[in-house]
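Everything on this sheet refers to the single structure shown next.
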Amino acid sequence: MIVGVPKETFPGERRVALVPVAVPNLTKAGFEVLVEAGAGTSAGYPDSDYQEKGARLAASRAEVFQSAEIILQVLSHGSNDATGKDDLPLLRRGQTVIGFLRPFGSLEAAQELASTGATSFSVELMPRITRAQSMDALSSMATICGYKAVLLAADRLPRMFPMLTTAAGTITPARVFIIGAGVAGLQAISTARRLGAVASAYDLRPAAREQVQSLGGRFIELPLEAKDAQDARGYARQQDDTFFQRQRELLGNVVAESDVVISAAVVPGKKPPVLIMREMVERMAPGSVIVDLASERGGNCELTKAGERIVDHGVTIIGYINVASTVPYHASQMYAKNLTAFLLHLGKDGNLQLNMEDEISRETLLTRGGEVVNARVREFFSLPALTAVVK
Ligand SMILES: NC(=O)c1ccc[n+]([C@@H]2O[C@H](COP(=O)([O-])OP(=O)(O)OC[C@H]3O[C@@H](n4cnc5c(N)ncnc54)[C@H](O)[C@@H]3O)[C@@H](O)[C@H]2O)c1
């Protein structure tokens, strides 16, 4: 089977779904690899590197879609709401697409993808099980975002991060507070600590305490208990408005005393909780910085503007989206590793074999045979459960 890698088309996207070093993993397993010319350039991977590793180059995007049975993308239709639609006429029945599809974002987009007849797998739906860790693209991208969020904050902050004792006096370390200590939040703690800041974090999942502490961060305890804080998948559970109201009250002082707040508090498939209100921002010292990693889906801060950096009451609020794309070399390297591990899991001897008994295949499969077939996604959009098992 031919695995095709088209150039990403979302405006400003710099990642690529496959990097040269990953090509031999696929060719050794019997796949051929066809890469659109220039696909890796903006991530730092020239065409010649792909050729050296055994990939063929395609002169056009149309050629990739025509020749390949499997299409690997970063942002496919669904997560690419700017240009993703343009790929729909290029897809065909029996073809397989793997990428970020934002499966809980829009039913219409999922149905449009389904109507092409293509079989699609959403990397966002990868189960959080040990067996699937090497295929977990969400964790890879969250790692990049957590790291970059700290650098964005450090760049805007009118203070340094480390404590310094110099002949010109003592510089106190920056205080960085992280809300939501998942994969991105934990990476933000590590990065802030490496730069010498004092890092603290809060998460409603009690399990996060030990992880924060093991990275040298202080876990902020709030006299507040989340109901069933964690689901079986390890994600936070949605809480009610009373909980969020109380949480905001309790977080107010911590936010006010911080030089930098990085927020990455999300619940899958839900709008992120608004935890940083205008009054809280107004109490921060001028020059403080908030990096809202939840901005794409609405944000954790009331004042965040998705895709923008604004200054309000002297506080910089960064709501950039698609942050992982700003570190395209390593984001692509990690993503390519995730995709090849996934493809090698799905395929044998250069062919795909869909085994619906397998949790990884079943949970990630979004569309097949013209329908949105994923049980979780169907339930989320209140579609009737499919009676026939799609084999
Ligand atoms: N293969 C695996 O076993 C595997 C892989 C990746 C992640 N995980 C675990 O899954 C968990 C979640 O990972 P994630 O980063 O993808 O999560 P995520 O991106 O869905 O959420 C980020 C964090 O926000 C927190 N959060 C949600 N609402 C909040 C609120 N109101 N206040 C404070 N915090 C709030 C969540 O608890 C989570 O830690 C972590 O424990 C992670 O270690 C396991």
For the pair Arg61 and Glu36, find out whether any cationic side-chain nitrogen is under 4.0 Å from an anionic carboxylate oxygen.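 The answer is yes: the pair qualifies as a salt bridge.
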
[Y] and [X], any side-chain heavy atoms less than 4.5 Å apart:
| X | Y | value |
| --- | --- | --- |
| Val266 | Arg297 | yes |
| His345 | Arg131 | yes |
| Met126 | Leu138 | no |
| Met280 | Glu302 | no |
| Val274 | Phe244 | no |
| Tyr50 | Val33 | no |
| Pro6 | Phe65 | yes |
| Leu215 | Arg193 | no |

Any donor-acceptor N or O pair under 3.5 Å, side chains Asn338, Ser140: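 The answer is yes; a qualifying pair exists.
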
Residues, nucleotides or ligands: over 12 heavy atoms within 6.0 Å of Glu282 CD: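 Check passes, neighbour count above 12.
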
Ring centroid separation Phe342 to Tyr335 under 6.0 Å: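 No, the ring centres sit 6.0 Å or more apart.
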
Please confirm whether the ring centroid of Tyr45 lies under 6.0 Å from the ring centroid of Tyr329.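 Yes, ring centres under 6.0 Å apart.
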
Derivation and outcome, side chain to side chain contact (heavy atoms under 4.5 Å, CB included), residues Ile129 and Glu359: CA-CA 10 Å; Ile129 52 175; Glu359 184 182 357; 3.6 Å; yes

What are the two closest non-hydrogen atoms of Asn300 and Pro272, and how far apart are they?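 What the structure gives for the nearest pair is ND2-CB, 3.7 Å.
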
Determine the sole option in Gln187, Arg128, Gln133 for which the side-chain hydrogen bond (donor to acceptor under 3.5 Å, both in side chains) test with Ser139 is passed.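 Testing Ser139 for a side-chain hydrogen bond (donor to acceptor under 3.5 Å, both in side chains) against Gln187, Arg128, Gln133 leaves exactly one candidate, Arg128.
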
For a side chain to side chain contact (heavy atoms under 4.5 Å, CB included) check, start with the C-alpha distance between Leu251 and Phe177, then their side-chain angles and the critical distance, and finish with the verdict. CA-CA 10 Å; Leu251 284 176; Phe177 177 46; 3.7 Å; yes

